[in-house]
S.K.: 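This is the structure I have questions about; it appears just below.
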Amino acid sequence: MPLQVELGPKSKSEMIGEFCRDLAVLILVFVPLELYRNSTVPQWVIQVSIFGSIGLLLSGMTIERLRR
């Protein structure tokens with residue numbers, strides 16, 4: 001796939017998609033770190049955060065693909 005570079009301003013949907021993807025990555029990185037430090041977190045909190053971050057990741061990717 002060729003590399004595409006945009007020089008103009010970003011659209012709102014592109015910014016929202018990037019925000020969702022970045023938030024999902026942060027959740028997927030910091031939840032395991034918190035579990036490593038503190039193992040008293042309930043199991044359902046871990047499951048909700050992981051499934052929620054996967055949902056955010058997929059929705060961010062979908063928003064960016066359908067931006068036109």
Side-chain angles (χ1 to χ4, degrees):
M1 177 182 281
L3 181 65
Q4 296 177 353
V5 177
E6 285 188 32
L7 298 176
K10 293 183 179 181
S11 66
K12 287 181 185 178
S13 62
E14 188 176 6
M15 288 189 285
I16 291 171
E18 283 184 10
F19 174 75
C20 289
R21 287 187 303 120
D22 291 343
L23 186 61
V25 169
L26 287 173
I27 291 171
L28 286 173
V29 168
F30 286 110
V31 166
L33 286 176
E34 183 63 30
L35 291 175
Y36 180 73
R37 283 185 39 213
N38 183 7
S39 63
T40 61
V41 178
Q43 185 69 25
W44 67 272
V45 173
I46 300 165
Q47 292 173 348
V48 168
S49 64
I50 290 174
F51 288 127
S53 64
I54 291 171
L56 277 171
L57 184 65
L58 292 175
S59 64
M61 290 167 45
T62 304
I63 289 170
E64 283 195 39
R65 283 198 181 264
L66 301 175
R67 65 182 159 159
R68 294 202 180 244

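Values in this document were obtained by computation on a predicted structure and should not be read as measured data.
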S.K.: Atom CG in Leu56, atom CZ in Phe19: separation rounded to 0.5 Å?
M.R.: 8.0 Å

S.K.: State plainly whether one hydrophobic cluster holds both Val45 and Ile50, where clusters connect Ile, Leu, Val, Met, Phe, Trp and Tyr through side-chain heavy atoms under 4.5 angstrom apart.
M.R.: yes

S.K.: So if you build clusters from Ile, Leu, Val, Met, Phe, Trp, Tyr with side-chain heavy-atom gaps below 4.5 Å, do Val48 and Ile27 land together?
M.R.: yes

S.K.: Looking at CG of Leu58 and OG of Ser53, how far apart are the two atoms once the value is rounded to the nearest 0.5 Å?
M.R.: 9.5 Å

S.K.: Please report the interatomic distance CZ(Arg65) to OG(Ser13), rounded to the nearest 0.5 Å.
M.R.: 13.5 Å

S.K.: Roughly how far, to the nearest 0.5 Å, is OG of Ser59 from CD1 of Ile54?
M.R.: 12.0 Å

S.K.: Could you grab the distance from atom CH2 of Trp44 to atom OG of Ser49, nearest 0.5 Å is fine?
M.R.: 10.0 Å

S.K.: Per the salt bridge (Lys or Arg N to Asp or Glu O under 4.0 Å) rule, what does the pair list look like for residues 20-32, sequence neighbours excluded?
M.R.: Arg21-Glu64

S.K.: Do you know the tightest heavy-atom contact between Ala24 and Leu57?
M.R.: CB-N, 3.6 Å

